[in-house]
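Working notes, beginning with the structure itself.
What's counted below: heavy atoms across the whole structure, side chains too, no hydrogens, waters or symmetry copies. Atoms within each ligand, like the ligands themselves, are counted from 1 in listed order.
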Amino acid sequence: MPKYIFVVGGVMSGLGKGVTAASLAKLLVLSGFRVTCAKIDPYLNVDAGTMNPLIHGEVFVSDDGGETDMDLGTYERFLDQNLTREHNITTGQIYNSVIEGERAGKYLGKCVQIIPHITDEIKHRIQLLAQKTKVDILLIELGGTVGDIEGLPFLEAFRQMRLEIGVDNTLFIHTTLVPVVDPVGEQKTKPTQHSVQELRRIGIQPDIIVVRSKSPLTKDSRKKISLFTSVDVRSVISNHDCPSIYSVPQMLEAEGILDSIFSKMRLRNRSINWGSWKSTAKSFSRPSRSTRIAMVGKYVTLADSYVSINHALLHSGATLGTKTVVEWLDAEKLEGNVTNLHLLDSYDGILVPGGFGTRGSEGKIAAANYAAICGIPYLGICFGFQLAVIAHARHRCGLEHASSSELDQHTPHPVIDLLPEQREIDEIGGSMRLGAHTISLSKGSLANRIYGSLQIQERHRHRFEVNPKYQHRLETGGIRFTGVSDGKKRMECLEIPDHPFYFGTQFHAEFTSRPGTPAPAFLAFVEAANKRKSPGQSIRGH
Ligand code: GLN
């Protein structure tokens with residue numbers, strides 16, 4: 001029978017609960033257990049696909065086309081597992097199925113209520129996932145903070161699960177913050193005490209407390225937390241700042257979290273086999289040279305909007321012994337402003353990520369064009385790929401005012417147009433071309449060298465694509481479409497042959513990048529950016 005570890009948070013959001021859950025799951029995997037992670041988001045949206053990444057963070061796309069919470073990306077990167085849409089449960093999904101059941105007559109005669117019907121549906125989904133994934137242990141992270149109204153039915157369901165399947169088969173981990181507010185540097189444990197009280201008020205006693213703090217938790221703080229929360233002092237775990245998130249598993253292990261889990265869940269102690277994890281984690285903290293990447297975008301304020309891209313760059317940098325420094329450039333500032341465009345000269349590479357809508361798009365097109373003319377390494381992802389096509393159409397194919405029908409419905413040259421099957425769709429949620437699709441690469445192309453293969457699988461999230469009617473005209477102008485899918489009808493990769501590195505992809509290679517095995521497209525891009533920095537170094541395959 002599978003066991004369940006519930007990770008809930010207190011004090012405030014943004015404490016890295018996802019990293020704690022993923023790190024813990026990693027430790028258990030390295031100890032030989034079959035483990036996976038699930039995320040519960042207590043909002044009413046059915047999935048994250050309709051949510052603004054500027055407020056909520058990136059929409060992470062799974063292989064099966066799920067538009068999920070960005071924590072699933074954290075789990076995938078730590079566990080090196082491909083998760084599914086079922087790993088992300090939301091209040092919207094739970095209510096949807098209960099209400100559908102009610103309409104279908106499933107509860108005939110009964111008054112349908114939060115307890116037991118909603119809580120039963122929650123427990124059912126959690127247990128079904130554990131069964132389907134055949135794990136020994138399922139880690140479930142609850143989004144939000146204890147005390148949120150939205151989270152209550154989920155906490156109630158967890159409480160019931162402990163009652164039903166037993167203390168040994170369930171474990172509660174509470175993650176909190178110990179701040180330092182005065183100049184003396186005293187660690188304050190009161191917020192932790194209060195949030196544990198809040199948890200107890202609804203009938204949950206935590207088994208382990210993982211505390212985020214700037215510096216290691218002092219003995220005094222540990223004792224105090226233990227005393228006020230009735231958690232044994234060895235199960236008060238310090239999760240203090242460290243050089244890289246990939247070092248968190250080691251820190252938690254050194255803090256003794258596994259011993260605590262093993263004894264509380266009555267699991268036989270297993271010794272941990274770190275494999276290559278420690279050296280991979282170390283490669284992120286090695287101080288070395290840096291590679292500066294200009295990221296041209298519209299969401300300039302929230303780093304979480306493009307978290308997978310940031311990680312793919314970091315993974316690539318770590319593998320190549322360099323620290324990738326991403327600097328955001330506001331695309332709108334590049335529009336019609338040649339002086340600002342020259343700012344791009346000082347970067348080692350230019351990246352235009354995925355995106356939607358008109359605002360800033362002309363600035364991104366200008367950046368894509370500038371990179372092409374000036375020989376600056378360029379990587380265009382999804383929207384960044386489409387905008388590179390537009391830049392090329394306008395400047396090298398004589399297609400004046402070429403554009404995407406997303407940006408200009410009356411363009412004389414819709415070189416980027418709606419996917420034909422999208423014309424009939426009028427619902428916004430979950431309706432893009434999503435998830436993993438197979439792509440064939442042209443032999444001898446840059447794409448082929450990057451991937452070392454002629455067939456790849458990558459994840460997608462888009463409604464528009466290169467208009468096949470313009471393929472020939474665009475290619476005569478000097479770009480090559482070297483990746484195609486769906487019976488060659490879809491352009492997936494573009495490159496400019498005599499350029500140091502100019503690569504665009506309709507797919508999102510960032511979603512499958514992992515520490516130690518970076519996404520090939522990103523690795524090749526950072527490698528080319530390094531070469532621009534220090535000419536003379538070789539680029540793989542060139
Ligand atoms: N807006 C573009 C489309 O829908 C690109 C989407 C993206 O970058 N994810 O096709």
Atoms in ligand 1 flagged as close to G354, the criterion being non-hydrogen separation under 4.0 Å
8 (O)

Which residue holds the protein heavy atom closest to atom 5 (C) of ligand 1, what is that atom called, and what is the gap in Å?
G355 O, 3.3 Å

Show which atoms of ligand 1 fall inside a sub-4.0 Å distance from at least one heavy-atom site of R461.
6 (C), 7 (C), 9 (N)

Is the contact between H462 and ligand 1 made by the side chain, the backbone, both, or neither, using heavy atoms and a 4.0 Å cut-off?
both

Stepwise, does the side-chain contact (heavy atoms from CB on, under 4.5 Å) test hold for H87 with T68?
CA-CA 9 Å; H87 287 75; T68 70; over 6 Å; no

So, do F383 and H462 have ring centers that fall under 6.0 Å from each other?
no

When you measure from the heavy atoms of H508 to every atom of ligand 1, does any distance fall below 4.0 Å?
yes

If we number the atoms of ligand 1 from 1 as shown, the ones under 4.0 Å from a heavy atom of E406 are 1 (N), 2 (C), 3 (C)

Electrostatic pair R449:E527 at N-O distance under 4.0 angstrom:
no

Would you call E492 and R433 a salt bridge, using N to O less than 4.0 angstrom?
yes

closest protein heavy atom to atom 3 (C) of ligand 1 is R463 N, 3.5 Å

What is the nearest protein non-hydrogen atom to atom 10 (O) of ligand 1, stated with its residue, atom name and distance?
F464 N, 2.8 Å

Centroid-to-centroid, Y246 to H315, below 6.0 Å?
yes

Can you list the steps and then say if N239 with T20 is a side chain to side chain donor-acceptor pair (under 3.5 Å)?
CA-CA 8 Å; N239 180 11; T20 303; 3.3 Å; yes

For ligand 1, find out whether one of its N or O atoms is nearer than 3.5 Å to an N or O atom of M432.
no

Any ion pair linking E362 and R394 (charged N to carboxylate O, less than 4.0 Å)?
yes

In terms of residue, atom name and distance, what is the protein heavy atom nearest to atom 7 (C) of ligand 1?
C382 SG, 3.0 Å

